[in-house]
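Report on the structure given below.
Reminder, nothing fancy here: chain letters follow the sequence lines and each chain counts from 1.
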Amino acid sequence: MDYQRLAALMFPQELKTPEEYETIFPPRNLPEGAKITRMAPSPTGFMHLGNLFGAIVDERLAHQSGGKFILRIEDTDLKRQVPGAVELITKVFGQYGLNIDEGVTSQGEFGEYGPYYQRQRAAIYQAYAKKLVLEGKAYPCFCTEEDLEQMRNLQEQRHENPGYYGEYAVHRDMDVDQVAQLIAEGRPFVVRFRSQGDPDKTVSIDDQIKGKIVVPENNQDFVLLKSDGIPTYHFAHVVDDHLMRTSVVVRGEEWLSTLSWHIQLFGALGFKMPKFAHTSHMMKVDGDKKRKLSKRKDPEASLDYYRTEGYPPESVKEYLMTVINSNFEDWRIANPDAPLETFPFSLKKMSVSGTLFDMDKFRDVSKNVIARMSAEQVYQAVTDWAQEFDAELYDALTADPEYAKAILAIGRGGKKPRKDLALWSEVKDYMSFFYPQLFKPNYTMPQHIAAEDVQRILRDYGAIYNPAEDMQEWFGTICKYSGEIGFATSTKEYKAAPDQFRGNPGDTTMVLRVAVCGRQNSPDLYSCMQIMGSDMVKERLQSCLNSMK
RNA sequence: GGCCCUAUGGUCAAGAGGCCUAAGACACCGCCCUUUCACGGCGGUAACACGAGUUCGAAUCUCGUUAGGGUCACCA
């Protein structure tokens, strides 16, 4: 077989040689143990929770080892491409604080190993494909989609494995003259790998997460270059990760099924294999079944969901860390205020089985994240969120920032901070009673407090309320007043003889709370009243009283 | 269906042959604290898929079964 002629026929254009590329993209000069990782999303206009999961692993692995983290765009599939998708990806990287060392950013590409868009690397793949043709390891295939479809049907009928292999690899040994003829006719062709694999034999790798993985050798003559000259994932992955000198490939376990293809290709091209880390999937319960989180069916699969709902990116990251590394939670309890980046991440601690997304747990994590934030930080984040998603809230927050911050500061910052908020869309309701335009009172009093006592308290309190009192004095006044209306003056006193009192100071406070806040649950009432100011407090008492007539 | 991966409470998981009478977290339930709530404290319910084998000894190693998941494209 005249491979020289075949290659010239298939690649008439001027191409650099693989040797040249080897010198253009030399091995990296990095300290021992430094890892090169890369995130390689396709620009489909959708960022999945799983994408972020992988990106966090990549980022931690690289930066924890003093290595490099690359963002490469796998835009080889024109059909799935969506305008603005790359912007979405870089935006997400920004939101989640995933800093890359080279690749694609919102400001363009940078780095010595580019281009980082695969479409722009077409000539590189072709150079390597040509090399394979020259060595008899690849060949052109002129089958149409219909041909392949027919073949698949036949294979199905015969209960044989589908695919292009063995006797079904019909163009594998096509005569060069015939190839010349077909190319002259302008017939499109793909470049296929000439597999020498024997499926009765196995190959194995030592996966960084899953340990030893054994798979049968591949015998499929899979496609390297599509008819438009753009590579498939398989070929692009091998060429790029070699040329970019990736040392650890982190990817989802759905790639395990074609791992043997990749192993074969690395060998055929004479490349050193990177390490592989195959991550398990995020799952979701669907009825009584478990399945991979699906971007079509599950809103929470999309990162955009968290943004829209108002979950802080830190919460999503923190939750993902609890899933990614099993010892993270213990570490967090021991180091409540430490930045995420100081957690000693390890691939060895990664879960091998699929993880169910747990909304309850996620909410809890998010509450803790928000509880750790300062009022100032919360204010900033909520305002940013509201600007995009809730104009009414945004107006309220920005009309008087200091007022809003004071509200958000209640119960915050101490040893046992309040954990009311799991996401920003809960903020509006949480603080609504501080704003007349948002106030929607529900004046339901606890059943056990007599109606006449309620009215009496509401009538009297305006006169004894003194905003100058500190918290202790304030409560003292309430206790004293409680005694005057036949309530106990302390909880203790009440509990000792509940029959002798019609209520206790807690009841008095509750009446005031319902009137002032329009609800039975609120943060510390004294703080609320201080922030509102006496005018609003008195007005609320009156409104509540009026509503009872 | 072939191939591959996986299997500890409802969920996330600790566990590397004896330290397991199986940790911790979320959720749930009870009690305590408390001006309500949110916290916090204390306690509780709840698990090694099944069957063989190896071993003095198995959640842990091997094999099988079952179940779940993934994948079988000129998508990634």
Side-chain angles (χ1 to χ4, degrees), chain A residues 40-44 74-80 141 143-145 148-149 152 156 159-164 188-192 199 207 210 213-216 220 222-228 230-234 236-237 251-260 278 280-281 283 285 289-292 319 322-323 325-330 332-333 349 351-365 367 371 410-411 414-421 430 446 471 474-475 478-479 482 491 504-514 517 519-526:
Chain A
S42 17
T44 57
E74 307 226 323
D75 56 352
T76 54
D77 186 8
L78 225 41
K79 289 180 295 255
R80 301 208 311 172
C141 167
C143 287
T144 62
E145 283 187 40
L148 297 172
E149 174 79 40
R152 230 184 330 258
E156 207 166 301
H159 300 288
E160 293 181 44
N161 282 331
Y164 202 91
F189 63 90
V190 301
V191 181
R192 285 186 185 271
D207 189 87
K210 291 185 180 273
I213 291 173
V214 183
V215 285
Q220 297 272 345
F222 57 89
V223 173
L224 264 19
L225 253 29
K226 301 185 261 189
S227 55
D228 59 359
I230 297 297
T232 57
Y233 167 84
H234 313 289
H237 147 57
R251 58 172 20 170
E253 63 180 347
E254 69 272 19
W255 293 108
L256 246 23
S257 59
T258 44
L259 178 61
S260 64
H278 288 96
S280 48
H281 289 140
M283 313 291 284
V285 175
K289 285 202 160 43
K290 255 194 201 180
R291 59 170 171 75
K292 195 175 160 184
Y319 172 71
T322 69
V323 172
N325 251 193
S326 49
N327 53 335
F328 177 79
E329 279 186 84
D330 291 335
R332 176 50 85 202
I333 290 167
K349 287 278 184 186
S351 170
V352 290
S353 52
T355 298
L356 236 35
F357 183 81
D358 186 342
M359 198 38 112
D360 283 331
K361 181 106 173 184
F362 173 56
R363 280 185 60 85
D364 180 70
V365 167
K367 281 184 180 179
I410 303 173
K415 226 176 141 138
K416 296 191 270 183
R418 297 187 63 86
K419 297 182 184 176
D420 300 285
L421 267 19
Y430 176 71
M471 190 192 280
W474 169 85
F475 192 56
I478 288 177
C479 290
S482 298
T491 309
N504 63 59
D507 294 330
T508 311
T509 310
M510 179 53 91
V511 171
L512 298 175
R513 184 187 310 281
V514 171
C517 306
R519 59 178 72 177
Q520 292 190 14
N521 306 342
S522 79
D524 175 62
L525 183 59
Y526 171 77

Exercise. So does A/Q520 have more than 12 non-hydrogen atoms from other groups sitting under 6.0 Å from CD?
Worked result: yes
For this session: Please state whether the phosphate of B/G40, meaning OP1 or OP2, lies under 4.0 angstrom from any side-chain nitrogen or oxygen of A/K419.
Result: yes
Problem set entry | Presence of A/K416 side-chain N/O under 4.0 Å of B/C37 phosphate oxygens OP1/OP2 | no
For this session: Assign A/T76 to base, sugar-phosphate, or nothing according to its heavy-atom contacts below 4.0 angstrom with the strands shown.
Result: sugar-phosphate
Exercise. Touch check for A/D358, heavy atoms < 4.0 angstrom, all strands: base, sugar-phosphate only, or nothing?
Worked result: base
Problem set entry | Phosphate contact (B/A27 OP1 or OP2) by A/R363 side-chain N/O below 4.0 Å | no
Problem set entry | Side-chain N,O (A/S351) to OP1/OP2 (B/A13) below 4.0 Å | yes
Problem set entry | Nearest-Å distance once atom C1' is located in both B/A52 and B/A16 | 24 Å
Exercise. Would A/D420 and A/R418 pass as an ion pair if we require N to O under 4.0 Å?
Worked result: yes
Seminar exercise, completed: Comparing A/P231 with A/V214, nearest RNA chain B nucleotide closer to 5' gives the residue A/V214
For this session: Determine the contact category for A/P188: base if any of its heavy atoms lies under 4.0 Å from a base atom, sugar-phosphate if only primed atoms, P, OP1 or OP2 are that close, otherwise nothing.
Result: nothing
Problem set entry | Among B/C5, B/A76, B/A7, the one nearest A/R80 by side-chain distance | B/A76
Exercise. Is A/T509 touching bases, backbone alone, or none of the nucleic acid, heavy atoms closer than 4.0 Å?
Worked result: base
For this session: Determine which nucleotide pairs with B/C20, using a 3.5 Å limit on both distances of a Watson-Crick or G-U wobble pair.
Result: none
Problem set entry | Residue A/F475, side-chain atoms from C-beta onward, closest of B/G2, B/C72, B/U35 | B/U35
Problem set entry | Residue whose closest nucleotide on RNA chain B lies nearer the 5' end, A/L421 versus A/C143 | A/L421
Problem set entry | For B/A49, the Watson-Crick or wobble partner whose two distances fall under 3.5 Å | B/U65
Problem set entry | Under-4.0 Å side-chain N/O to phosphate OP1/OP2 contact, A/T322 with B/A25 | no
For this session: Measure from the side chain of A/D524, starting at C-beta and using heavy atoms only, and say which of B/A27, B/C75, B/U35 lies closest.
Result: B/U35
For this session: Consider the side chain of A/E329, meaning its heavy atoms from C-beta on, and name the nucleotide among B/A76, B/G24, B/C74 that approaches it most closely.
Result: B/G24
Exercise. What does B/C42 pair with, Watson-Crick or G-U, if both distances are under 3.5 Å?
Worked result: B/G30
Seminar exercise, completed: Looking only at B/G2, B/A73, B/U6, the nucleotide nearest the A/R152 side chain is B/A73
For this session: Return no unless some side-chain N or O of A/K210 is found under 4.0 Å from OP1 or OP2 of B/G69.
Result: no
Exercise. With respect to the phosphate group of B/A13, does any side-chain polar atom (N or O) of A/T355 fall under 4.0 Å of OP1 or OP2?
Worked result: yes
Exercise. If we call it a pair only when both distances are under 3.5 Å in a Watson-Crick or G-U wobble match, what pairs with B/A13?
Worked result: none
Problem set entry | A/E254, nearest nucleotide to its side chain (from B/C75, B/G70, B/A7) | B/G70
Exercise. Using atom C1' of each nucleotide, how far apart are B/G30 and B/U65 to the nearest Å?
Worked result: 42 Å
Exercise. Which is true for A/T232 with a 4.0 Å heavy-atom rule: it touches a base, it touches only sugar-phosphate, or it touches nothing?
Worked result: sugar-phosphate
Exercise. Of the candidate nucleotides B/U11, B/C3, B/A76, which contains the atom at the shortest distance from the side chain of A/L356?
Worked result: B/U11
Problem set entry | A/E74 and A/R80 ion-paired at < 4.0 Å | no
Seminar exercise, completed: Pairing partner of B/C72, by Watson-Crick or G-U wobble and under 3.5 Å for both distances, is B/G1
Exercise. Now, which nucleotide makes the Watson-Crick or G-U wobble pair with B/U60, with each of the two distances under 3.5 Å?
Worked result: none
Exercise. Taking a pair as Watson-Crick or G-U wobble with both distances under 3.5 Å, which nucleotide is matched to B/U35?
Worked result: none
For this session: Ignoring the backbone of A/T491, work out which of B/A76, B/U6, B/U35 is nearest its side chain.
Result: B/U35
Problem set entry | A/R513 side chain, from C-beta outward: closest of B/C5, B/G70, B/U36 | B/U36
Seminar exercise, completed: Of B/C37, B/A25, B/U35, the nucleotide closest to the side chain of A/K361 is B/A25
Exercise. Paired with B/U54: which nucleotide, if any, by Watson-Crick or G-U wobble criteria at under 3.5 Å for both distances?
Worked result: none
